[in-house]
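Encoded as structure tokens, the structure appears first; notes follow it.
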Amino acid sequence: MTQTPLTLYLAAPRGFCAGVDRAIKIVEMAIEKWGPPVYVRHEIVHNKFVVDSLKDKGAIFVEELDECPNDRPVIFSAHGVPKSVPALAEQREMIYVDATCPLVSKVHIEAERHHADGLQMVMIGHAGHPETIGTMGQLPEGEVLLVETPEDVAGLEVRDPEKLAFITQTTLSVDDTVDVIAALRARFPTIVGPHKEDICYATSNRQAAVKAIASNIDALLVIGAPNSSNSQRLVEVGRANGCAYSQLVQRATDIDWRALEGITNVGISAGASAPEVLVNEVIDAFKARFDVTVELVETAQENIEFKVPRVLRQANVG
């Protein structure tokens, strides 16, 4: 039986970003340096496949520090943690390694600088997301106000409308934040914004690549985890730019083949914490069912690399 022809448009950049790469490397190097088990507070990155493979190597994932013994190293996830967490680890004399993405740390430093200048912060982000919790936890209670939508801006109660600055969760949709920033500037004309967009280069690049293919495809599959903010935003960007069937799948086994009956082209992208092995798994699943042509649509090239913390590069003494 001859297979139906199908074109797969592969968005690039996609998948792992430099911050995720570094975080995974930190866990692997910590296991190598101190031996298993190494504890990790929260999922190091939002991807089950990655988390499971690190568990196999000797990582134990916990939600809070009180689940960790004092005598084993603990790693903080790429999303960042409130200041109270490393403070508690120091109090307990634990070895800890902070895997916070340097681009998230940049937002933390920005917030602290504004706070030192006497400004109250407004954060554009998703309530309950680890990155939002970590960033808001850099400053004392009440110093960072959270907004998700332009409607939230209208209800903000601030200390002094003349002394405000805003920061952004790094994994949001560039298009979504535009409206919230416009609402902030309209209500608080003197509000101070970041020198450079807080949304990270990887988030912006992946969204631009999806935009480039969205209007030419019948379906978009984004490989990523349901709790991954940047993956969810890619699905939304696909829908907003002309691809009505835009779906998140964790792996090839999640694909709804019946929904894809009769289509001739599909776009594929992957969130910043999804490994390329899962992209290849999805491509292979299509090849098993269709006569596939793969077309790469590359809108940018990434060659950024972040160093791992010095403690992991130093040899053990003794």
Side-chain angles (χ1 to χ4, degrees), residues 17 19 42 46 76-87 98 100-208 227-237 240 271-272:
C17 61
H42 284 173
H46 284 155
F76 305 145
S77 85
H79 307 103
V81 293
K83 271 204 166 138
S84 55
V85 176
D98 190 349
T100 301
C101 171
L103 297 175
V104 174
S105 298
K106 177 179 98 48
V107 179
H108 290 182
I109 293 162
E110 215 173 291
E112 289 192 333
R113 198 182 67 238
H114 288 316
H115 177 63
D117 291 341
L119 303 182
Q120 191 177 18
M121 303 301 307
V122 178
M123 178 166 190
I124 305 167
H126 291 304
H129 188 278
E131 186 189 326
T132 303
I133 293 166
T135 301
M136 292 180 75
Q138 298 305 301
L139 300 179
E141 190 81 31
E143 288 301 312
V144 187
L145 307 172
L146 183 67
V147 293
E148 295 196 39
T149 63
E151 292 72 38
D152 291 345
V153 174
L156 269 184
E157 290 181 24
V158 301
R159 200 169 44 232
D160 180 347
E162 298 295 312
K163 291 190 169 179
L164 289 176
F166 73 86
I167 49 174
T168 305
Q169 186 180 322
T170 62
T171 53
L172 297 182
S173 148
V174 183
D175 297 335
D176 285 350
T177 54
V178 168
D179 295 340
V180 185
I181 292 168
L184 282 170
R185 292 202 189 280
R187 189 172 166 207
F188 308 110
T190 59
I191 195 165
V192 179
H195 292 306
K196 196 175 166 291
E197 186 108 53
D198 283 338
I199 291 171
C200 88
Y201 76 91
T203 300
S204 305
N205 286 351
R206 277 148 195 70
Q207 289 175 14
N227 59 342
S228 161
S229 172
N230 77 83
S231 304
Q232 293 284 11
R233 298 299 79 74
L234 290 175
V235 174
E236 290 167 9
V237 166

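Values below: every heavy atom of this structure, side chains too, minus hydrogens, waters and symmetry copies.
With contacts defined as side-chain heavy-atom distances shorter than 4.5 Å, the pair Pro194/Ile167 does not qualify. Residues Val85 and Pro82 meet the side-chain proximity criterion, which asks for heavy atoms closer than 4.5 Å. Looking at Cys17 and Arg206, their side chains come closer than 4.5 Å, going by heavy atoms from C-beta outward.
Residues passing the side-chain contact (heavy atoms from CB on, under 4.5 Å) test with Ala240: none are found, sequence neighbours excluded. In this view, Cys200 and Leu103, Thr170, Ala202, Thr203 satisfy the side-chain contact (heavy atoms from CB on, under 4.5 Å) rule, not counting sequence neighbours. By the side-chain hydrogen bond (donor to acceptor under 3.5 Å, both in side chains) test, Ser173 pairs with no residue at all, sequence neighbours left out. Scanning for salt bridge (charged side-chain N to carboxylate O under 4.0 Å, His left out) contacts around Glu143 gives Arg159, with sequence neighbours left out. Listed by chain and residue number, His108 satisfy the side-chain hydrogen bond (donor to acceptor under 3.5 Å, both in side chains) test with Thr135 (two or more places apart in sequence, or in another chain). For Thr100, the side-chain hydrogen bond (donor to acceptor under 3.5 Å, both in side chains) criterion is met by Asp98, not counting sequence neighbours.
Checking side-chain atoms of Arg187 against main-chain N and O of Ala154 turns up a donor-acceptor pair under 3.5 Å. Panel note: side chain His114, backbone Leu119; no donor-acceptor pair is recorded below 3.5 Å. Here the side chain of Asp152 pairs no donor or acceptor atom with the backbone of Val147 at under 3.5 angstrom. Without hydrogens or angle criteria, Gln138 side chain to Ser105 main chain gives no donor-acceptor distance under 3.5 Å. The main-chain N or O of Asn230 is never found under 3.5 Å from a side-chain atom of Gln207 such that the two would form a donor-acceptor pair.
Here the shortest heavy-atom pairing between Ala127 and Glu148 reads N-OE2, 3.1 Å. The shortest heavy-atom contact between Pro161 and Phe188 is CB-CD2, 3.9 Å. Across all non-hydrogen atoms, the minimal contact from His79 to Pro130 is CB-CB, 3.8 Å. Heavy atoms only, all atoms of each residue included: Asp160 and Gln120 are closest at N-OE1, 4.4 Å. Of all heavy-atom pairs between Val174 and Ser204, the closest is CG2-OG, 3.8 Å. Considering every non-hydrogen atom in both Cys101 and Gly19, the closest pair reads SG-CA, 4.0 Å.
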Checklist entry - Can Glu110 and Met121 be said to form a side chain to side chain contact (heavy atoms under 4.5 Å, CB included), step by step? => result CA-CA 10 Å; Glu110 215 173 291; Met121 303 301 307; over 6 Å; no
Item to check | Intermediate values then yes/no, side chain to side chain contact (heavy atoms under 4.5 Å, CB included), Ser229 and His126 | outcome: CA-CA 9 Å; Ser229 172; His126 291 304; 4.0 Å; yes
Next on the checklist: Evaluate His129 against Gln169 for side chain to side chain contact (heavy atoms under 4.5 Å, CB included), listing each step before the verdict.
Outcome noted: CA-CA 9 Å; His129 188 278; Gln169 186 180 322; 3.7 Å; yes
Next on the checklist: Test side chain to side chain contact (heavy atoms under 4.5 Å, CB included) on Glu157 and Leu145; report intermediate values, then the result.
Outcome noted: CA-CA 9 Å; Glu157 290 181 24; Leu145 307 172; over 6 Å; no
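Using a 4.0 Å cut-off between charged nitrogen and carboxylate oxygen, Glu236 and Arg233 count as a salt-bridge pair. In summary, Asp117 and Lys163 do not engage in a salt bridge, as defined by a charged side-chain N under 4.0 Å from a carboxylate O.
Test Asp179, Ile199, Leu172 against Ile124 for side-chain contact (heavy atoms from CB on, under 4.5 Å) and you get one pass: Leu172.
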